[in-house]
2 protein chains.
Amino acid sequence: MNLKELADSLKLSPTTVSRALNGYPEVREETRNRVMAAAKAANYAPNIRARRLATGRAMTIGHVIPLTGRAEMVNPIFADFLIGAGEVYAAEGYDLLLSMVPETETEAAFRQMAANGAVDGVMVQAPQENDPRIGLLTELGLPFLVHGRTGDAQGYNWLDIANMRAFRRATDFLLDLGHRRIALINGQETFDFARRRRRGFEEALAARDIPALPHLMASDAMTESFGYLTAARMLDGPNPPTAFLVSSVILAIGVRRAAGERGLRMGRDISVICHDDELSYLNNDVGGPAFTATRSSIRAAGRRCAEILITLIRNPDHPPIQELWDVDLTVGRSTGPCPG
Amino acid sequence: MNLKELADSLKLSPTTVSRALNGYPEVREETRNRVMAAAKAANYAPNIRARRLATGRAMTIGHVIPLTGRAEMVNPIFADFLIGAGEVYAAEGYDLLLSMVPETETEAAFRQMAANGAVDGVMVQAPQENDPRIGLLTELGLPFLVHGRTGDAQGYNWLDIANMRAFRRATDFLLDLGHRRIALINGQETFDFARRRRRGFEEALAARDIPALPHLMASDAMTESFGYLTAARMLDGPNPPTAFLVSSVILAIGVRRAAGERGLRMGRDISVICHDDELSYLNNDVGGPAFTATRSSIRAAGRRCAEILITLIRNPDHPPIQELWDVDLTVGRSTGPCPG
DNA sequence: CACATCTTCCAAAGCGCTTTGGGTTGCTGT
DNA sequence: ACAGCAACCCAAAGCGCTTTGGAAGATGTG
């Protein structure tokens, strides 16, 4: 059943039926009701491919996930972010086009998207230092929003959390508890967020004239095993840390495993603070927070990012939107005074 | 730049340019090369919306994720599955349309998709008992593939792992080690996979005349905290289990936390077997498997599911494809003989 | 009553591609 | 020299919708 058939069955023109269905005013209320009823009865839904061609809008937003071959940076995070964004897209009538491409082909993927009109805008996640995607998308004229930021953070749209401030605060918290040998287990420092976190960490130490110890700093993809192996190595080495600051709950779980195997009790023998993205399947709050954590819901970020991007798509001349979210520090059972 | 302009610039008809670009034989090799070169030089990409309308194919596959409000069942699993499927889609030229809808609206979402022609087929995940989606999609005539299966598993396309066999084998393994009080921490038993796993568990016990103990069986969304709370409750209660069989690594991490807090060493004081989906950020293999586990890569399943679905879309009259994957049991450090 | 103004509807022209159903041209064999 | 046949190319008709630019009829105005 298409528009023409529906119109014929109603003895109306396709024009009128289209207008009735889309809420235009030039149609009598009674006619509109007739049309609506007939459409519903016939289980009619306008062909979305034809509509997209006719309107010139794709009503689709693209998320391009670069596949790196290693544990995808995106993986632990992107599911929740996607769900948050997807909720908003659905509510606003946008489709979500998810594109997995080898990292080397992301530029081609974006060029393709811009040229073939598959999407009205794209979401950019996990920017790296001087991320080429930002310049490229600007050049292509495709509306985009960056979750995170990089470079001077000027002239493009982004939403980010205050990573540096969060990690500075977390470090101060550990220092106040008397810890001096604090380890940092970070995400890959090609990513901007990880660099900022490290800087927050280092600044807090520097402010108290405490040297950052290279053997107590590590960074890589945020997997449980990386957290485990790193913590194990540090704990077994000379001058082991008394506290860990780690960039995700997943890493923290690895740290907990290493500590547990060595008979170290978290919050007593050893302290751990992590960044908690509030992943739905890793709730840190049941029975009081297990980990002391800087926290910020990645799903909420996804929702807000979607809202902003849709605003930008609807208002092409909108000035850049930049939003910085502050981060809570929640005290849990994984931290305590420095022993000894 | 559109096809007509490109054709004009080449002094050819749109027909010929279209054919040249799409690899049809009725065009001289020399002409084809000229067209290709011009297209590349002009950075031309055919408008995908127009192409979709003209061909009648969406070249898009839909994944509908029902939002339940609680920790989405899909969440821990679906990211890896999606990545696997997405790789194949990208390679085959299909787009992935991801649709998050409140659970109550999934039927409407499918009807919409079928009527408006947004997708050529859909992937169905995590089927429940007598899942209404199967009947609905059959009725709508939309090609679909179920990851998992339900009911009599007849007459529709699915790919599943041998859940029952896996859990029966895992239970036998624990029984052989001398364990008699074995706890089952399962996913929500509205899902078919969880029911099968429970049956495997129960059959193994029944085969040795060991009663299944209701207070040692629990099922809910597979979050870390559910694993933790349940294990804690069981361990603190009367007749605590000496072994746990759990439905995911995430649950197992919760169990490990509960055990750790009680000073119980895994593999010595207590045994744990889990099902390992080989999530990329929860690698169980680093330094030898931490958990004894039944394992099957969810990402590989995603890849294969995508392949099958594409086959079905390309061959509408293909007889049902049903694929059952066997599951390995990997022995790790989390199991040992029953103490005492 | 003539004229302007809404209100309500429609015909037709796109949107940018694919595809059907021919036409030309040049070559072969007789 | 001419029919027969490939090889190569094109005009035009869709695909199913939206949207422009009226037209017809109803209503108000001086």
Side-chain angles (χ1 to χ4, degrees), chain A residues 1-39 42-60 93 95 112-120 314, chain B residues 1-39 42-60 93 95 112-120 314:
Chain A
M1 169 66 87
N2 60 26
L3 184 66
K4 188 161 178 303
E5 291 164 16
L6 183 64
D8 287 350
S9 80
L10 284 162
K11 304 215 183 301
L12 285 170
S13 75
T15 308
T16 305
V17 175
S18 171
R19 296 199 141 138
L21 256 25
N22 291 311
Y24 283 81
E26 316 80 331
V27 41
R28 203 168 17 148
E29 202 51 39
E30 186 206 316
T31 314
R32 185 191 306 282
N33 293 337
R34 257 180 69 217
V35 172
M36 295 286 221
N43 198 21
Y44 169 78
N47 183 302
I48 204 169
R49 297 190 300 258
R51 173 188 289 217
R52 283 173 180 170
L53 177 59
T55 59
R57 275 169 293 137
M59 291 306 284
T60 300
D95 277 345
Q112 176 89 357
M113 279 189 176
N116 77 176
V119 300
D120 298 317
R314 289 189 181 144
Chain B
M1 170 67 86
N2 61 25
L3 184 67
K4 189 162 175 304
E5 291 163 15
L6 183 64
D8 288 349
S9 80
L10 284 162
K11 306 219 182 298
L12 285 170
S13 76
T15 308
T16 304
V17 175
S18 171
R19 296 197 142 140
L21 257 24
N22 291 311
Y24 284 82
E26 317 75 335
V27 41
R28 201 168 18 151
E29 203 50 33
E30 186 206 314
T31 313
R32 185 191 308 283
N33 292 337
R34 254 180 72 215
V35 172
M36 294 287 221
N43 198 20
Y44 169 78
N47 183 302
I48 206 169
R49 297 190 299 258
R51 175 188 288 219
R52 284 173 181 169
L53 177 59
T55 59
R57 276 169 293 136
M59 291 307 284
T60 301
D95 278 345
Q112 175 88 0
M113 279 189 177
N116 77 176
V119 300
D120 298 318
R314 289 188 181 146

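Below, chain A is the first sequence line, B the second, and so on; all start at residue 1.
Under the side-chain contact (heavy atoms from CB on, under 4.5 Å) criterion, A:Ser13 pairs with A:Thr15, A:Thr16, sequence neighbours left out.
Note that the OG atom of B:Ser18 and the CG atom of B:Leu6 stand 11.0 Å from one another [nearest 0.5 Å].
Sequence neighbours left out, the pairs with a member in residues 5-14 of chain A that pass salt bridge (Lys or Arg N to Asp or Glu O under 4.0 Å) are A:Lys4-A:Asp8.
Terminal axes of the helix from C:dC1-D:dG30 to C:dT30-D:dA1 (five pairs each, C1' rotation axis) are separated by 50°, to the nearest 10°.
Between B:Met1 and B:Asn43 the shortest side-chain heavy-atom distance does not fall below 4.5 Å.
B:Asn116 contributes a side-chain N or O that, together with a main-chain N or O of B:Met113, makes up a donor-acceptor pair within less than 3.5 Å.
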Enumerate donor-acceptor pairs with a distance under 3.5 Å from any side-chain N or O in residues 24-32 of chain B to protein atoms, sequence neighbours excluded.
| residue | atom | partner | partner atom | Å |
| --- | --- | --- | --- | --- |
| B:Arg32 | NH1 | B:Ala20 | O | 2.8 |
| B:Arg32 | NH2 | B:Tyr24 | O | 2.6 |

Below 3.5 Å, can you tabulate the donor-acceptor pairs from side chains in residues 46-60 of chain B to any protein atom, sequence neighbours excluded?
| residue | atom | partner | partner atom | Å |
| --- | --- | --- | --- | --- |
| B:Asn47 | OD1 | B:Arg49 | N | 2.8 |
| B:Asn47 | OD1 | B:Ala50 | N | 3.0 |
| B:Arg49 | NE | A:Arg52 | O | 3.2 |
| B:Arg49 | NH1 | A:Gly117 | O | 2.6 |
| B:Arg49 | NH2 | A:Gly56 | O | 3.2 |
| B:Arg52 | NE | B:Ala58 | O | 2.9 |
| B:Arg52 | NH2 | B:Asp95 | OD2 | 2.8 |
| B:Thr55 | OG1 | B:Arg51 | O | 2.8 |
| B:Thr55 | OG1 | B:Arg57 | N | 3.2 |
| B:Thr60 | OG1 | B:Ala58 | O | 2.8 |

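Note on B:Leu12: only backbone sugar-phosphate atoms sit closer than 4.0 angstrom, heavy atoms only; bases stay farther off.
When all heavy atoms are compared, the tightest approach of A:Asn2 to A:Tyr44 is C-CE1, 3.6 Å.
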Nucleotide by nucleotide, nucleotides 15-22 of chain D touches protein heavy atoms under 4.0 Å in the pattern (B base, S sugar-phosphate only, - none) BBBBBBB-

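Rounded to an integer number of Å, the gap from CZ of A:Arg28 to P of C:dT7 is 13 Å.
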